[in-house]
**Student:** 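Take a look at the following structure, please.
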Amino acid sequence: MKITVVGTGYVGLVTGACLAQVGNHVLCIDVDARKVEQLSAGIVPIHEPGLPAIVQEGMAGDRLRFGTNIAAGVAHGDYLFIAVGTPPDEDGSADLRHVLAAAEAIGQHLDRYCVIINKSTVPVGTAQLVRQRIAAALQGRGVDIPFDVVSNPEFLKEGAAVEDFMKPDRIIIGADHPAAAERMRALYAPFNRNHDRLIVMDPPSAELSKYAANVMLATKISLMNELAGLAERMGADIEQVRRGIGADPRIGYAFIYPGCGYGGSCFPKDVRALEYSARQAGYAAPLLAAVEEVNNRQKRVLERKVVAELGEDLSPYTVALWGLSFKPNTDDMREAPSRVLLEGLWARGAQVRAYDPAAGAEARRIYGERADLQICEDPYAALEGADALVICTEWQLFRSPDFDRIRARLRRPLIVDGRNLYDPQAVRAAGFRYHAIGRP
Ligand SMILES: NC(=O)c1ccc[n+]([C@@H]2O[C@H](COP(=O)([O-])OP(=O)(O)OC[C@H]3O[C@@H](n4cnc5c(N)ncnc54)[C@H](O)[C@@H]3O)[C@@H](O)[C@H]2O)c1
């Protein structure tokens, strides 16, 4: 099949590379000429396990190409994916500028029947808006060309994106009529062999399903973090509570880890966007606002714990930070808890020495050269002369460190663990003052 993906970020690039991997011919289009140049040279600009290999395989087999020319993109594919960003606007709503620009461009160049597939996370009603935008462009050109717009939200997780795309737990198709849904079934057949994962519904329900999934997960995290705060104040251990409630099959163990808050390019913006949509619909949705508020508070918890130990003025101190990405196995720092921590520590005058297995370069890109940030190439190097170690991201590498080496390098034996990685008794027995989330 011939497929075009408009927008070659995390979602678009994974979609394009995975579709090429099963034999399709894919052209990925992006407005970012530098990114296209890098990709055309076989360089994958993001850290995503398994992605470089399939990008390079697709390119070597001439099944995967990159370009900036949208007219060439529309000419190539019979399936046209829109996978551009939908960043939050100032009022919290999803900014549809890029989605509608892509729709407009498709309408300018469409010359035969195509299926246009909305893969970006978009508010309910956007499939309809995209349809209108394309129809208006066709009308402006004085041509009448049939097309379908299908909603196909993406559920991949950064850090496991290739695996998730190749073996999805569900493929949601929001289509207005069965013929369009059948075309999507054919497209996804290679990923749908073991059992039927396709769930076909109307476009508004498909659009809402994506937000519903993300706010459900964000809610679990915020509720656990709220309970962790309570546990801390009541002398209970949230890790024991977690096991106690996870054993109930109605609750389950997944996604109930307390921590220093959720981040990333999806949960924060999607919770806010749905909250905005609720307001637009004149419907009070207090739970959504609370989920966000709890998360914002939680992102400051590590700073509070450092201050409780070292005092309000941190200018005499250096803090070692392990983990910058918003979660392991990615270099993505969008809305990462580490950023709130860094900025909080800097505001109090602290020096920071940080280590992350993948996101060092991204931190340099965001913050540039500054005297109060040293990005280290080794986790133990980050500890040299620091007054505390703070852990923000649960990378595997941090799970079983050499505590003797840590103690030898830190100026004082203090660990503030934002991901509850260690056994408090063992860490204290190793001579540390240890603070975790929701543990006495
Ligand atoms: N990142 C995730 O884990 C994830 C998961 C599921 C869904 N989503 C959703 O998928 C969408 C894309 O997210 P992302 O993380 O891949 O974003 P991203 O910022 O990594 O990539 C978006 C890309 O679109 C390009 N672009 C913008 N306007 C364009 C245009 N008019 N034509 C061509 N290219 C254009 C940008 O240059 C950029 O490369 C968002 O709606 C997001 O909410 C993301």
Side-chain angles (χ1 to χ4, degrees), residues 4-18 27-39 44-49 51 66-74 77 80-89 93-109 116-123 126-127 130 133 151-165 168-172 206-207 209-215 217-218 262-274 325-327 329-336 362:
T4 296
V5 182
V6 182
T8 313
Y10 282 87
V11 167
L13 182 57
V14 170
T15 300
C18 290
L27 176 55
C28 290
I29 300 293
D30 205 286
V31 288
D32 184 340
R34 209 179 102 76
K35 191 182 270 189
V36 168
E37 207 175 294
Q38 279 184 314
L39 285 165
V44 174
I46 52 174
H47 176 91
E48 191 57 55
L51 186 57
F66 302 94
T68 52
N69 185 337
I70 186 74
V74 178
L80 308 177
F81 278 92
I82 300 178
V84 299
T86 46
D89 228 334
S93 64
D95 182 352
L96 291 178
R97 208 174 333 155
H98 304 302
V99 170
L100 295 178
E104 173 81 33
I106 289 170
Q108 292 298 340
H109 299 288
I116 292 101
I117 305 157
N118 243 343
K119 202 161 231 348
S120 301
T121 301
V122 288
T126 304
V130 166
R133 198 52 80 94
S151 166
N152 170 220
E154 181 52 56
F155 294 94
L156 64 76
K157 302 182 286 296
E158 283 179 25
V162 172
E163 172 86 6
D164 285 346
F165 195 96
D169 29 50
R170 77 287 213 193
I171 301 163
I172 291 191
E207 290 166 335
S209 295
K210 175 64 195 176
Y211 285 101
N214 278 355
V215 302
L217 294 170
Y262 61 76
S265 70
C266 293
F267 288 1
K269 89 169 165 54
D270 292 349
V271 170
R272 287 200 286 272
L274 193 60
S325 58
F326 83 93
K327 67 170 177 179
N329 302 320
T330 179
D331 58 354
D332 198 340
M333 285 182 63
R334 288 180 279 187
E335 306 218 23
E362 179 62 2

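First listed ligand is number 1; within each ligand, the first listed atom is number 1. Given the structure is predicted, the values throughout are model-derived calculations rather than measurements.
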**Student:** Report yes or no: does E207 contribute a side-chain atom to a donor-acceptor pair with the main-chain N or O of A127 at less than 3.5 Å?
**Tutor:**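 Looks like yes, one N/O pair under 3.5 Å.
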
**Student:** Between D32 and ligand 1, is there a nitrogen or oxygen pair with a distance under 3.5 Å?
**Tutor:**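 No: no nitrogen or oxygen of D32 is under 3.5 Å from one in ligand 1.
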
**Student:** Identify the heavy atoms of A206 and S151 that sit nearest to each other, and give their distance.
**Tutor:**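 In terms of heavy atoms, the two residues are closest at CB-OG, 3.5 Å.
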
**Student:** How long is the gap from CD on E163 to CD on E48, to the nearest 0.5 Å?
**Tutor:**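 Between atom CD of E163 and atom CD of E48 there are 11.0 Å.
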
**Student:** Is it the case that ligand 1 has an N or O less than 3.5 angstrom from some N or O of V11?
**Tutor:**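 Indeed, backbone or side chain, V11 has an N or O that close.
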
**Student:** Which residue owns the protein heavy atom closest to atom 17 (O) of ligand 1, what's the atom, and how far is it?
**Tutor:**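 The closest heavy atom on the protein side is R334 NH1, 4.0 Å.
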
**Student:** Could you identify the single nearest non-hydrogen protein atom to atom 43 (O) of ligand 1 and state the distance to 0.1 Å?
**Tutor:**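 Here the closest protein heavy atom is K269 NZ, 2.6 Å.
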
**Student:** Using the salt bridge (charged side-chain N to carboxylate O under 4.0 Å, His left out) rule, pick out the option among K269, K327, R272 that qualifies with E335.
**Tutor:**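 Exactly one candidate clears the test, R272.
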
**Student:** Under 3.5 Å between some N or O of ligand 1 and some N or O of E158?
**Tutor:**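 Checking ligand 1 against E158, an N or O pair does fall under 3.5 Å apart.
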
**Student:** Just to be sure I read this right, does ligand 1 sit under 4.0 Å from the backbone of K210, its side chain, both, or neither, counting only heavy atoms?
**Tutor:**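 Side chain only; the backbone of K210 stays clear of ligand 1.
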
**Student:** For D89, does its backbone N or O pair with a side-chain atom of S93 as donor and acceptor, under 3.5 Å?
**Tutor:**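 Pair absent, no side-chain N/O of S93 close to backbone of D89.
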
**Student:** Listed by chain and number, what are the ring-ring contact (aromatic ring centres under 6.0 Å, His included) partners of F326, not counting sequence neighbours?
**Tutor:**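 So F326 forms no ring-ring contact (aromatic ring centres under 6.0 Å, His included) with any residue.
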
**Student:** To check your reading of the model: name the closest protein heavy atom to atom 6 (C) of ligand 1, its residue, and the distance in Å.
**Tutor:**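 Checked against all protein heavy atoms, atom 6 (C) of ligand 1 sits closest to E154 O, 3.2 Å.
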
**Student:** What protein heavy atom is closest to atom 9 (C) of ligand 1, reported as residue, atom name and distance in Å?
**Tutor:**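 The protein heavy atom lying closest is T121 OG1, 3.4 Å.
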
**Student:** Are the side chain of N152 and the backbone of I172 linked by a donor-acceptor contact shorter than 3.5 Å?
**Tutor:**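 Yes, N152 side chain to I172 backbone: donor-acceptor pair under 3.5 Å.
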
**Student:** Where the closest heavy atom to atom 4 (C) of ligand 1 is concerned, which of A33, A103, C266 has it?
**Tutor:**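 Heavy atom nearest to atom 4 (C) of ligand 1 belongs to C266.
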
**Student:** I'd like to check whether D30 has a polar contact with ligand 1, where a contact means an N/O of the residue lying under 3.5 Å from an N/O of the ligand.
**Tutor:**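 Such a contact does occur with ligand 1.
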
**Student:** My understanding is that only residues two or more places apart in sequence, or in another chain, count here; which of them pass ring-ring contact (aromatic ring centres under 6.0 Å, His included) with Y211?
**Tutor:**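 Partners of Y211 under the ring-ring contact (aromatic ring centres under 6.0 Å, His included) test: none.
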
**Student:** What protein heavy atom sits nearest atom 29 (C) of ligand 1, and how far off is it?
**Tutor:**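 The answer is V84 CG1, 3.5 Å.
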
**Student:** Looking at V99, V11, T8, I29, which hits side-chain contact (heavy atoms from CB on, under 4.5 Å) with V84?
**Tutor:**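 Per the side-chain contact (heavy atoms from CB on, under 4.5 Å) rule, the option paired with V84 is V99, out of V99, V11, T8, I29.
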
**Student:** In the protein, what heavy atom is nearest to atom 30 (C) of ligand 1, and what distance, to one decimal place, separates them?
**Tutor:**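 For this ligand atom, the closest protein heavy atom is V31 CG1, 3.6 Å.
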
**Student:** Report yes if K35 has an N/O atom closer than 3.5 Å to an N/O atom of ligand 1; otherwise report no.
**Tutor:**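 Among all N and O atoms of K35, at least one is under 3.5 Å from an N or O of ligand 1.
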
**Student:** Starting from atom 40 (C) of ligand 1, which protein heavy atom do you reach first, and at what distance in Å?
**Tutor:**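 Among all protein heavy atoms, the one nearest atom 40 (C) of ligand 1 is T86 OG1, 3.5 Å.
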
**Student:** Could you see which bit of S265 sits under 4.0 Å from ligand 1, with heavy atoms only: side chain, backbone, both or neither?
**Tutor:**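 It is the side chain that gets close, since no backbone atom is under 4.0 Å.
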
**Student:** Is there a side chain to side chain contact (heavy atoms under 4.5 Å, CB included) between F267 and L217? Walk through the geometry before answering.
**Tutor:** CA-CA 8 Å; F267 288 1; L217 294 170; 3.7 Å; yes

**Student:** What protein heavy atom lies closest to atom 22 (C) of ligand 1? Include the residue and the distance to one decimal.
**Tutor:**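 That would be G85 N, 3.5 Å.
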
